[in-house]
Amino acid sequence: MSYDDSNIFARILRGEIPCRKVFEDDHVLAFEDIRPLAPTHVLVIPKGRYVSAQDFSETASEAEIVAFVRAVGRIARERGIDASGHRILANHGADGRQEVPHFHLHLVGGRDLGRMLPSARE
C-alpha cells in the first residue's frame, strides 16, 4: 500500500474535511471517530505521510514517535479511561483490514470492550 494524498486523513490534515479535534501539536492530530464503537473512540494520527505503523516506526523522527506515544497517553488520561482500561488498535495491510493508507491508532474505551478476538479455535 502506498501513501495516497487524497486519503481522508490527509484531507483532514489539510483542513478540507472538518473533524471534532481532541488534541493537536506539531506532530499529532487526534479527533473523534465519526462512527464510534465505544463511549470514547478517538483516532490519533501523525501529521507526517506515513502509510502504516511499520512505515512510521522505520522512518519517523524520534520527536514524531515520542510526540505520538505521549499524545495517546495524554488523551487516555484526559478522557478518564487510563484507570479503567482501554484498547489501542492499529490496522495494518489487507489482512489487518487497514482501510485508510495513513497510519492511525484507534483509542477506544469507556466500557468493557470484551475479548479482542475470538479464539483461534473458534
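Note that the structure is predicted; figures quoted are calculated from it, not measured. For the single chain, residues carry numbers from 1 onward in sequence order.
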Would you sort out whether Leu43 and His106 count as a side chain to side chain contact (heavy atoms under 4.5 Å, CB included), showing the intermediate values? CA-CA 5 Å; Leu43 296 173; His106 296 258; 3.2 Å; yes

Distance, nearest 0.5 Å, that separates [atom1] of [X] from [atom2] of [Y]:
X: Asn7; Y: Arg49; atom1: CG; atom2: CZ; answer: 9.0 Å
X: Lys47; Y: His27; atom1: NZ; atom2: NE2; answer: 9.0 Å
X: Arg87; Y: Leu105; atom1: CZ; atom2: CG; answer: 14.0 Å
X: His104; Y: Ser52; atom1: NE2; atom2: OG; answer: 11.0 Å
X: Thr40; Y: Ile81; atom1: OG1; atom2: CD1; answer: 5.0 Å

Could you identify which residues cluster with Val108, counting Ile, Leu, Val, Met, Phe, Trp and Tyr as linked when any side-chain heavy atoms lie under 4.5 Å apart, either directly or through a chain of such contacts? Leu113

Quick one: closest heavy-atom pair of [X] and [Y], and the distance?
X: Pro101; Y: Ser2; result: CB-O, 3.7 Å
X: Ala30; Y: Ile75; result: CB-CD1, 3.4 Å
X: Ala38; Y: Gly109; result: CB-O, 3.4 Å

Any link between [X] and [Y] through a network of hydrophobic side chains (Ile, Leu, Val, Met, Phe, Trp, Tyr) touching at under 4.5 Å?
X: Phe23; Y: Val72; answer: yes
X: Leu89; Y: Val51; answer: no
X: Ile88; Y: Phe56; answer: yes
X: Val42; Y: Phe31; answer: no

Determine whether more than 12 heavy atoms belonging to other residues, nucleotides or ligands lie under 6.0 Å from atom [atom1] of [X].
X: Arg14; atom1: CZ; result: yes
X: Glu62; atom1: CD; result: no
X: Glu99; atom1: CD; result: no

Checking side-chain polar atoms at under 3.5 Å, does His102 have a donor or acceptor matched by the opposite partner on Tyr3? yes

Indicate yes or no: does Arg11 engage Asp5 in a salt bridge with an N to O separation below 4.0 Å.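 Asp5 and Arg11: not salt-bridged.
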
Please work out which of the three classes, parallel, tilted or perpendicular, describes the rings of Phe103 and Phe68, given edges at 30° and 60°.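 Ring orientation of Phe68 relative to Phe103: tilted.
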
Report yes if the side chains of [X] and [Y] come closer than 4.5 Å at any heavy-atom pair, otherwise no.
X: Leu29; Y: Leu13; result: yes
X: His86; Y: Leu107; result: yes
X: Val28; Y: Val44; result: yes

Applying salt bridge (charged side-chain N to carboxylate O under 4.0 Å, His left out) as the test, list every pair that has at least one member in residues 64-76; sequence neighbours left out.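 Salt bridge (charged side-chain N to carboxylate O under 4.0 Å, His left out) check on residues 64-76 returns Arg74-Glu78.
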
According to the salt bridge (charged side-chain N to carboxylate O under 4.0 Å, His left out) rule, which pairs have a member within residues 27-44, sequence neighbours left out?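 Residue pairs passing salt bridge (charged side-chain N to carboxylate O under 4.0 Å, His left out), neighbours aside: Glu32-Arg79.
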
Do Tyr50 and Phe9 make the cut of ring centroids closer than 6.0 angstrom? no

Has Ser57 got a side-chain atom pairing as donor or acceptor with Gln54's backbone, closer than 3.5 angstrom?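 Present.
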
